[in-house]
Structure formats: C-alpha cells, structure tokens
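Please read the structure below before turning to the comments.
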Amino acid sequence: MIRTLETVTDAVLAELAEEMAIRQTKEVFTVFSFGSQYDHLIKLRLAQIGVFAVVADPARVRVEDIEKIGPKGIILSGGPGSMVVAPPPFDDRILEIGIPVLGICLGLQKIARHAGNTVTPAAKREFGVHELVIHNHDGLFAGLDHFSSIPVLESHGDRVEPDGNLVILASTDHAPAAAARWRHLWGVQFHPETTHTPHGTKIFENFCFGISGAKDRFPAKFVAAQKISEIQRAIGSDRILLALSGGSDSSVVAHLVGAAVGEEPGRVRAIYIKGVDRPDDEAHVIKHFGNLGWLELKIVDATDELLTQLAGIESMPEKRRAFKVVYPRVLVREALAIRAPWIGQGTLYTDNVESGLGHATGARHARIKEHHNTGLAELVAASGLRLLEPLDTEVKDTARAIGYEIGVPVELLERHPFPGPGQVVRIEGPVTAQKLALAHTSDGIFIEELRAAKYYETAWQAGAVVTDINRRERRRTGRDLIQSKTAEGKVRTLFGEALRRAGLTNMWSGAILSESVHTGAKGDDAALGRVAVLWAAKRGSGGVMRWHELPEDVLRIVSRQITDEVPEVGAVVYSLADLAPHMWPSGGSAIALWAVTSTDGFTAEWAGLPFAFLHRVAVRIMTALPSVPAVVYRISGKPPATIEWG
C-alpha cells in the first residue's frame, strides 16, 4: 500500500528532503487522511497544480512532528467518521500553531467543533451535485467573483450549525455553513478534489498559493518511464503471469510489462478468465493480444467453477467475495503451472480505497465494495509467489494517461470499464446460467445501440442489470412495515410535488419503493438502499396507456431530493415500460439500464441520454427477451449510488 507518514525521525526528514530535491521544490503540504474514499484525489489534484504533499496518519502524527516538517499548509480530508458519534483521531494542538489549514467535509466539521460551533445530524442530507451560494469571494473563492453560485459535490449526513465563531463563506440548501473560516482555519463541506466540483482546482490554488503563500510548483515527472524502470527492477529476468481482461487498466499493465521485458519471447503469459464476461470481451482480447511476439495469451474457461462457487448466494457483497475465491485460485494455479514467480494485475488505487484499504492510517476507512483484485498479496505469497501492481497509486484517468504516453491502442483505453466480477454484480439474487444469458443479451443490445447512435463515446461506462425490481414486496410486519410504507409515501410525495412545480399534471404518474437493493455511496461509507421506481404514462390510441417522457431536469432534481431525504432509498430509476410498476408481472426479471459520465470513477453523473433512444432500446430488449416484464433507466449518480449496481 501507499506509504504514509507515521513518525518523523531524522531518517524520515532526510528522505523527505531527498523527495523535495527530486521535485525541485522547497515546500511541502501535509494531508491528514481521515479515511475518505476521495483522500487520494486530494494528493493527485495537488500534484496537478505542482504542489508536493505527504499523507499523514492522524492517529500517530503529533504537533511536534508537524513542527519538525514545517509544511506550508495542512489539509484535513473527509472520512466515514462523525464528529457527533465517532470523531477521527487527531491532535487538535495542530490547529493552534498558526499553519493554514483547509478542512474538507469531516475536516470542516473538526475545525467547526474546535471553533465552538455545533455539528449535528442533518434532517436533510446532501449527496451528489448541489448548488453552492457564495457569500464571500475572498480567500478560498478568490477569482470566482463573477459567480454567485457554483456546483459542488456533496456527500454528508451531518452539518455545521452557524452558531459559533466561524465566518460563513458559502451555503447550500441544507448546509448553512458549507464553507467557513476561523482565523487561519478554513473549511468546506463539499469535495473540491472531485471532478464534479468544476472549480475545485481553483479552490486548491487559492488555498496553496494564496492563503498558504506557496511559491514553488514542482515539474511533473515522466510517470510511464518511472513505472517501467520499477517493473524492471522488481522482476529482473523472471517470468510473469498477467491477469488480462481487455479493459484499459490491465491493458496498460500488459504494455508496461512489455516495455520492461522488451521483445524477449516466453517471459510473459497473460490469461483471460471467461465465464461472466461481456458478449464480445473474448474476441476483443484475442484481437489485441493474440498476436504479440512478447506475450503468450491463454483463455481459461472458469464458468463451471464460478457458478459452483456462486450457487445459492444472493447478496452482492457475498457474491463479490465468492468471485474473489475463484479469481486468485485460477491465477495462482496458472502461474505455478508455468513456474512464473510473479502475478501482475491492473489494480487501481480506486479499487483499494473502495475496498476499505488506501492510505494506511489509524482513522477508520470508507468501505464501499470489496474488489476482487485487492488484498491478495498474502494469499499469493502463501503460494511462494509475488504480486505486481504498477497502477495501485493511480486512478482511472491517470492510468489512461500513462497508457496514452506509451502508445497503448486507443480502442483499449477508451473501452468502457467492466467490473472484475463481471456479470456477477449485474445480477440480483442467485447467479444462474439463465440469468447470465439475460445479462449477456440485454447488455449486448444496449452497447450495440449505444455504438450505433454514437453515444458510446459520450458515456464513461454503461451496462444492463438483471434486477428484482418487479418482485412483489416481501412479507413485512410491525415497525418494518410502517417504515417501508412511510418511505414509499415520502417518495410519492416528493415526485408529485416535483411534477406539480413543473406543471406536469395531465398524465398518470406514481412511484413505488421496489424490492431491488442497490449499493449506495452516501457519505464515506457504503449503504444498501432500496430502488425507487418513478413512472409516467398517457392514454394512447384505443385507450391503452403508453410510456411518457418527462424532462431530464425534473428527473435530476427529484432524484436528488429522494436520495437526500429518504434514507431507505439507495438509487432512483425511471420506468421505460408502458405499464405502471404495480401492474408488472412478478415472474421474470426486470432489466435496469444505466450509463454514467465520469473522469476517475470516484464520482459520476447519470448520463442524460435521449429518452426516446432509451425507450427504443427497452422495446428491443423486451421483444428479444419475452420473460423480461419491464425495463428502467437509473437516474442516480455516484454519490448517492455507486457506478455498478452492487
């Protein structure tokens, strides 16, 4: 994992000085990681503006250590903790030594408490993109004078009350202190490190070069050359087995290894594990890797092994763990067969941090979902092998940048990401051969239509999920039943109010809280929530109800309201079927289509594809698959949902 500052000894200070000399800078910033899923993005964004930063463990680094380092500024990340329930470990004396501090999300709440303000659980939480109203353009918002408000990415359940010493700089609908300062302490409730806060880079610029007074901008390193050199030093003349999916990450690793070993044949074998992949993945891999002189490609069919391991398992987390049993078993078996001491894979930092790993600090870490390719070092070592993960410090966009730099074919780099567990996480309930067939066909139709309509390139990722949306409500009693009905009533009320505000009352419409369960990314922890289904219809010829299109802006607003205000909801979908959800047959499985725009995979917005196009795709899927009673489109981004369903 990424090395984190834990103690400040003479040796550490010497190493830090050497790092700064390499980067041609005399300035350093310190980032305290409170365990946020976004904390590595802070370091990346700082590097992009030429600021050198080290990550510190808030449980171990004390004020004395900070005084030895002498950073120009300090940043406190967000995290899954809560100042109300479980504050993260931190030496508050660091806030008193006069070094400028920027607190992000939980970091702001830490500063607010220190300044005498109250932090409370919010009655209305905020997840996703919200509008930030700027009250003071000095300091953090300098240079944004021509904006009275800006979009920001929010992900919080607690809020800071404006009842203490903080000077309020900006607010959102449900966060009266969305940006604030006290003396040399500054804070924002949103996440400027994510790409969905478009002016986030300017905010970091203002903090580092304005408020903190930094002068140096270190030049960017030639990252690809460094990676190749590190691979050469690590594997020497050894053979290596690569896990190859044909996606951008494993493709970049394959080409990095190829550059490291040269044209020497027999050194590199790549295996493609088939069984739960996309319809055209195998042909794609053979096309791009089947005729390379320095790489031997082997197809391993693990379908039966995977289905046996997955038999009877229903929950998404358990299915991920079941896949994680088979995946390394196949890799180890194949590596031992060719006597390769190394196994290489395209693990990203994103994969690690979503799995609850990331920067090694004493703060509790966010855990969104368990990735199949994370935490395998000990298991691999038990077989006498070693793991090579050249991209475990990168996110999706920086990994792709490395690929462009070394000439990886554009078709490989721009192919939509696909989860390692494949269709396993795109099937609700038990994974069966029949459901795999539904997943393959519906996904194949959707991707084919996206390509034909030239929408494939505008989406970062897209897919189809075999869901339980049409399953009748399970038997609920007592408090559980009351809570379920109350939540569904709230969803219907919010949807009805949104339609009335927009003047859309001349139709049939409604909402249900389905039995489908979606993994959410609310705050910095995972949260399972039920899927809310919105629908609208008008009477067509012959008195038959027909699906009706609603304006995208109305759906964006109401979707955000529902996930903010109804804790039981993990994601919202919009029906593309003619029948109202309560009329759908309970047999078969409804298909959920989704598409997102993103840069690094940490955050994502649902893609505003034309609904006429989506309805056409839905009709084609239901025609090809008579057992599918309905098709819906997901209108939640990340947060509050995740990119994949589970």
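Scope of the values below: all heavy atoms of this structure, side chains included, with no hydrogens, waters or symmetry mates.
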Considering only distance and modelled atom types, tabulate donor-acceptor pairs under 3.5 Å from the side chains of residues 114-121, sequence neighbours left out.
from	atom 1	to	atom 2	distance (Å)
H114	NE2	E96	OE2	2.5
N117	OD1	N165	N	3.0
N117	OD1	L166	N	3.3
N117	ND2	E161	O	2.9
T118	OG1	D163	OD2	2.6
T120	OG1	E161	OE2	2.9

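The pair R386-D238 meets the salt-bridge criterion, since a charged nitrogen lies less than 4.0 angstrom from a carboxylate oxygen. Ion pairing between E193 and R45 fails under the 4.0 Å rule for side-chain N and carboxylate O. Between E230 and K227 there is no salt bridge, since none of the side-chain N atoms of the basic residue sits less than 4.0 Å from a carboxylate O of the acidic one.
A side-chain donor-acceptor contact under 3.5 Å links S598 to the backbone of T603.
Each of H174, E126, H191 was evaluated against H156; a single residue qualifies, E126, per the side chain to side chain donor-acceptor pair (under 3.5 Å) test.
For the residue pair T642 and T519, no side-chain donor N or O sits within less than 3.5 Å of a side-chain acceptor on the partner. Side-chain contact, Q189 with E154: no donor N or O sits under 3.5 Å from an acceptor N or O.
Among pairs with a residue in residues 167-177, none fulfils salt bridge (charged side-chain N to carboxylate O under 4.0 Å, His left out), at least two apart in sequence or across chains.
Side-chain contact check for K110 versus D92: some heavy-atom pair is nearer than 4.5 Å. Put simply, the side chain of L95 does not reach to within 4.5 Å of the side chain of I74, judged on heavy atoms. Put simply, the side chain of R62 does not reach to within 4.5 Å of the side chain of V8, judged on heavy atoms.
For Y404, there are no ring-ring contact (aromatic ring centres under 6.0 Å, His included) partners, not counting sequence neighbours.
Classification of the Y456-H416 ring pair by plane angle, with boundaries at 30° and 60°, yields parallel.
When the shell of 6.0 Å around CG of D10 is examined, it contains 12 or fewer heavy atoms from other residues, nucleotides or ligands.
Distance OG1/T195 to CD/E605: 9.0 Å, rounded to 0.5 Å.
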